[in-house]
Amino acid sequence: MTSFPLTHIKKGAQAQITSAAFGEIDPLVTQRLTDLGFSEGMHITLLSNGLLGRGPYAVRLGNLSQFALRRPEAAKIMCRVEE
């Protein structure tokens, strides 16, 4: 199956994170998001993608935590959409 950045999936879609590489943005952001559960294998649901799909991106992780991500972070989360 093909993976897409979180910024390219549709609102309401459920997906599984295949990779999350935030290192280019900021190592502290990488560590914090990883600690929160943004890691390979985690299930994620896109709740909202902001005005015109430009962010912020509201997501729910499989552990039922909800977060809002800026576009640069969301673009680094690769997902495989579940049917």
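Not measured: the values here are computed from a predicted model. Residues take their numbers from the sequence shown, with the count starting at 1. What's counted below: heavy atoms across the whole structure, side chains too, no hydrogens, waters or symmetry copies.
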Atom pair OG1/CE of T34 and M42 - distance to nearest 0.5 Å:
11.0 Å
What residues, two or more places apart in sequence or in another chain, satisfy side chain to side chain donor-acceptor pair (under 3.5 Å) together with S48?
none
Is any side-chain heavy atom of Y57 closer than 4.5 Å to one of I77?
no
Please report the closest heavy-atom contact between T18 and C79, naming both atoms and the distance.
OG1-N, 4.0 Å
Can you find a pair of side-chain heavy atoms, one from L36 and one from S65, that are under 4.5 Å apart?
no
I'd like to know if V81 and M78 are part of one continuous hydrophobic network [Ile/Leu/Val/Met/Phe/Trp/Tyr, side-chain heavy atoms within less than 4.5 Å].
no
F38 vs I44 side-chain heavy atoms within contact, under 4.5 Å:
yes
One should read off an interatomic distance between L69 CG and N49 CG, to the nearest 0.5 angstrom, of 12.0 Å
As an exercise, state the distance from CG of L47 to NZ of K11, rounded to the nearest 0.5 Å.
9.0 Å
Interatomic distance, CG@L6 vs CD1@I17, rounded to 0.5 Å, equals 8.0 Å
Mark yes or no for whether Q66, through its side chain, and R60, through its backbone, hold a donor-acceptor pair below 3.5 Å.
no
Compare every heavy atom of P5 with every heavy atom of A75, then report the nearest pair and how far apart it is.
O-CB, 3.7 Å
Close side-chain approach of Q14 to H43, heavy-atom, < 4.5 Å
no
